[in-house]
Structure formats: C-alpha cells, structure tokens
Amino acid sequence: MATTKELSVEEKLRALYDLQIIDTRIDEIRNVRGELPLEVEDLEDEVAGLTTRLEKLQSDLVSIEDSIKSKKTAIDNHHLAIKKYAEQQKDVRNNREFNALTKEVEFQELEIQLAEKQIKELKASTEHKKEVVSNSKDKLEQKSTHLKHKKAELSDIMSETEKEETFLTQKSTEFEGSIEERLLAAYKRIRSSVRNGLAVVSIERGASAGSFFTIPPQTQVEIAARKKIITDEHSGRILVDAALADEEREKMDKLFAKM
C-alpha cells in the first residue's frame, strides 16, 4: 500500500522497528501455543478414525452373529431332512430308492458337519473381534480423554491471548500500511528467512543484536545518522541504532498498555 506522504529514512526505520516489535510480540504469543493446535487436530483425526473402526468392528460382530444364527437354522433344517429321508426309507420298494435316500442322508450329514465347522470358526472370529473391540474402546477412551484435556489447554491459552493477538494483528496491518511496498516486501522476505523472525535489529555492544560479528565503527556512525537504510552484511537484517530502538520500545510499551 502506498503511503500518502514520503517518509524520511528515519521515519521509515522507526516504522519498520515498530512493526518488528509488534510482529515479535505476535510470534511470542503463537509460540506459547506451540504445536498445541496441531496436536489437537491430530488427536481429533485419531479419535474419528478409532470411532469409525469401532463402528465397523461392531457391525462385523452383528453380521457374524447373524451368520451363526443362519448356520444353526440350516443345521435344524438338515436334521429335519434327515428325519424325513429316514421315514421315507421305511417305505421304499427297492434297493435303488433306498440307496438314493441314503445318499441324501449322507449329504445332509456332511452339510451339518460343514455348518458346525463354520460356526466354530465364526465363534473364534467373534472372540477375536470382541477382544479387538475391547482394546479399541480402551484406546478410544484414552485418546478422547487426552483430546479433552488438550482442547481445554488450548482453550485456556486462546482465551488468555486471543484479545491481545487480535489487537496486535490489527496494529501490524495498520503499521504495514505506513511502509512503502518495496521496503515492506524486503522486511517480510528477511523475516521469513531468519530463524527468529527478526528482520530489524538494533546495534548492541558494537554488533547487530543476536550476532557475534562486529560492525565497523564507520558503519555504526552511518546507522546512527539515520540517513540511509543499512543491512547487516552477515545476516541481511536491517539495522537501527540503540537509541532509536530504545525510544520505539518505550513508545510501543505505551501502546501495548492500552490493551
């Protein structure tokens, strides 16, 4: 966003440092939350997955029970058939009819044996699935409890910091509006490329804050003059003098006190 009036270099440096103070404060708030939102999201996915699995297992158990009932009904029908064929054998007129009925009886007996074997296998499957269901219920309960605690923890942090973060985010946008696009783009590029998000730092004991590389005295004089924007040749960060930094920190502390 273009500014309505051309700022002096010093005004630009102050605006950049103010923005850095605000963005650093936002970073600190978000660091307090850390990985908690992602943990909550992962736990929600786990709970949803376990719930779906448990529902599938319970559905499988119902299907198995239905299959067992069906097999038992079939066994009863096979026994009735055997009884019917045995009665018919009493009235046969020749060996061919007797043998045919005998084969029918044998077939029904084989069907009974097969059904009993299948029932045994289905019962074994039921016991296994019941054990899996029990373990799944325990795991789901543990994960659900853990999720509940993590959500409460996140909610507490959010309630403590949400107002401040909203205020700071609005201020960050507001301060960005006072900085020319090219300079703001450079600030964001530097900020995204450094580990701690510090794109604008002050001179401390002859070096840029957080650095062990000494800045030449002549460069320090130029930084203090506030006539041009100077970056650290080692880190690429924009440099401001300690006096300016102290003044802006004091000003921003008053702003934060209004929250």
Asks: Less than 4.0 Å between a side-chain N and a carboxylate O, is that true for Glu121 and Lys117?
Replies: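 Here Lys117 pairs with Glu121 in a salt bridge, since their nearest N and O are under 4.0 Å apart.
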
Asks: Given 3.5 Å as the limit, does a donor-acceptor pair link the side chain of Glu109 with the main chain of His79, or not?
Replies: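 Not at all, since once roles are kept as given, no pair shorter than 3.5 Å links the two residues.
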
Asks: What's the spacing between Ser125 OG and Ile64 CD1 if we round to 0.5 Å?
Replies: 3.5 Å

Asks: Do you reckon Val240 sits in the same ILVMFWY cluster as Val9, going by side-chain contacts under 4.5 Å, direct or chained?
Replies: yes

Asks: Using 4.0 Å as the upper bound for N to carboxylate O, is an ion pair formed by Glu10 and Lys227?
Replies: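 Salt bridge absent between Lys227 and Glu10.
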
Asks: Test Glu44 against every option in Lys150, Lys151, Lys148 by the salt bridge (Lys or Arg N to Asp or Glu O under 4.0 Å) rule and name the one that passes.
Replies: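 So the option named by the test is Lys151.
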
Asks: So, Asp60 and Lys56, do they make that salt bridge, N to O below 4.0 Å?
Replies: yes

Asks: Could you check whether any side-chain heavy atom of Glu111 comes within less than 4.5 Å of a side-chain heavy atom of Ile75, counting everything from C-beta outward?
Replies: no

Asks: What distance do Asp27 atom CG and Arg30 atom CZ have between them, rounded to the nearest 0.5 Å?
Replies: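 CZ of Arg30 is found 7.5 Å from CG of Asp27.
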
Asks: Applying side chain to side chain contact (heavy atoms under 4.5 Å, CB included) to Thr161 and Arg33, what does each step give before you reach the verdict?
Replies: CA-CA 9 Å; Thr161 61; Arg33 291 202 293 268; 3.9 Å; yes

Asks: For residues Leu13 and Ile238, determine if any side-chain heavy atom of one lies less than 4.5 Å from a side-chain heavy atom of the other.
Replies: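 Yes, their side chains come closer than 4.5 Å.
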
Asks: Which residues pass the side-chain contact (heavy atoms from CB on, under 4.5 Å) test with Ser144, sequence neighbours left out?
Replies: Val47, Leu140

Asks: Per the side chain to side chain donor-acceptor pair (under 3.5 Å) rule, which among His146, Lys143, Lys139 passes with Glu46?
Replies: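 For Glu46, the side chain to side chain donor-acceptor pair (under 3.5 Å) test succeeds with only one of His146, Lys143, Lys139, which is Lys143.
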
Asks: Could you measure the distance from the CG atom of Leu54 to the CG atom of Asn135? Nearest 0.5 Å is fine.
Replies: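 One gets 11.0 Å once the value is rounded to the nearest 0.5 Å.
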
Asks: Thinking salt bridges, do Arg25 and Glu165 make one under a 4.0 Å N-O criterion?
Replies: no

Asks: Under a single-linkage definition using a 4.5 Å side-chain heavy-atom cutoff for Ile, Leu, Val, Met, Phe, Trp and Tyr, are Ile190 and Ile230 assigned to the same hydrophobic cluster?
Replies: no

Asks: Just wondering, do Arg226 and Arg14 contact through their side chains at under 4.5 Å, heavy atoms?
Replies: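 Touching, per the 4.5 Å side-chain cut-off.
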
Asks: Working note: Glu174 + Lys171, criterion salt bridge (Lys or Arg N to Asp or Glu O under 4.0 Å); need CA distance, chi angles, decisive distance, verdict.
Replies: CA-CA 5 Å; Glu174 182 183 316; Lys171 286 298 174 185; 3.3 Å; yes

Asks: Flag the pair Glu6 and Lys12 as a salt bridge only when some basic side-chain nitrogen lies within less than 4.0 angstrom of an acidic carboxylate oxygen.
Replies: yes

Asks: Quick test of your reading of the model: are Glu248 and Lys251 salt-bridged, counting only N-O distances below 4.0 Å?
Replies: yes

Asks: Do Val200 and Tyr187 make a side-chain contact, defined as non-hydrogen atoms from C-beta onward lying under 4.5 Å apart?
Replies: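 With C-beta onward as the side chain, the pair touches.
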
Asks: Checking Thr173 side chain against Thr169 main chain: does a donor-acceptor pair fall under 3.5 Å?
Replies: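 Yes.
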
Asks: Treating Ile, Leu, Val, Met, Phe, Trp and Tyr as nodes and any side-chain heavy-atom pair under 4.5 angstrom as an edge, say whether Ile22 and Leu244 lie in one connected cluster.
Replies: yes

Asks: Does the side chain of Glu247 reach to within under 4.5 Å of the side chain of Glu250, using non-hydrogen atoms?
Replies: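 Side-chain contact under 4.5 Å: no.
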
Asks: So, Lys103 and Glu106, do they make that salt bridge, N to O below 4.0 Å?
Replies: no

Asks: Partners of Leu110 by side-chain contact (heavy atoms from CB on, under 4.5 Å), sequence neighbours excluded?
Replies: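 For Leu110, the residues satisfying side-chain contact (heavy atoms from CB on, under 4.5 Å) (neighbours in sequence not counted) are Gln113.
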
Asks: Is any side-chain heavy atom of Leu239 closer than 4.5 Å to one of Ser202?
Replies: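 The answer is no, as the side chains (C-beta and beyond) never meet within the 4.5 Å cut-off.
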
Asks: Could you check whether any side-chain N or O of Asn94 sits under 3.5 Å from a backbone N or O of Glu97, counting only pairs where one atom can act as donor and the other as acceptor?
Replies: yes

Asks: Nearest 0.5 angstrom please: Leu122 CG to Lys129 NZ, how far?
Replies: 11.0 Å

Asks: Would the number of heavy atoms belonging to other residues, nucleotides or ligands and lying under 6.0 Å from CZ of Arg53 be above 12?
Replies: no

Asks: With sequence neighbours excluded, give me every side-chain hydrogen bond (donor to acceptor under 3.5 Å, both in side chains) pair touching residues 61-71.
Replies: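 Listed once each, the pairs are Lys71-Gln118.
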
Asks: Are Asp246 and Arg249 within salt-bridge range, i.e. N to O under 4.0 Å?
Replies: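 The answer is yes: the pair qualifies as a salt bridge.
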
Asks: Quick one: does Thr52's side chain have a donor or acceptor within less than 3.5 Å of a partner on Ala48's backbone?
Replies: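 Between the backbone of Ala48 and the side chain of Thr52 there is a qualifying donor-acceptor contact (under 3.5 Å).
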
Asks: Side chains of Thr24 and Glu28: any donor to acceptor distance under 3.5 Å?
Replies: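 Checked: Glu28/Thr24 side chains show no N/O donor-acceptor pair below 3.5 Å.
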
Asks: Kindly say whether Ala199 contributes a backbone atom to a donor-acceptor pair with the side chain of Arg191 at under 3.5 angstrom?
Replies: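 Side chain of Arg191 to backbone of Ala199: no pair is present.
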
Asks: Can you tell whether the side chains of Asp232 and Arg237 come within less than 4.0 Å, N to carboxylate O?
Replies: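 Result for this pair is no, no salt bridge flagged.
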
Asks: Going hydrophobic residue to hydrophobic residue with side-chain gaps under 4.5 angstrom, can you get from Phe107 over to Val92?
Replies: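 No: no chain of side-chain contacts under 4.5 Å links Phe107 to Val92.
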
Asks: Are the side chains of Leu255 and Phe167 in contact, using a 4.5 Å heavy-atom criterion?
Replies: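 Answer yes - side chains close enough.
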
Asks: Between Glu11 (side chain only) and Ser8 (backbone N and O only), is there a donor and an acceptor less than 3.5 Å apart?
Replies: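 At least one qualifying donor-acceptor pair exists.
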
Asks: Answer whether the closest heavy-atom distance between the side chains of Phe256 and Ile21 falls below 4.5 Å.
Replies: yes

Asks: Got a second to check how far Arg205's CZ is from Ile215's CD1, nearest 0.5 Å?
Replies: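 Between Arg205 CZ and Ile215 CD1, I get 12.5 Å after rounding to 0.5 Å.
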
Asks: Are Val40 and Val32 joined in one hydrophobic group, where the rule is that I, L, V, M, F, W and Y side chains link up if heavy atoms are under 4.5 Å apart?
Replies: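 Val40 and Val32: one cluster.
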
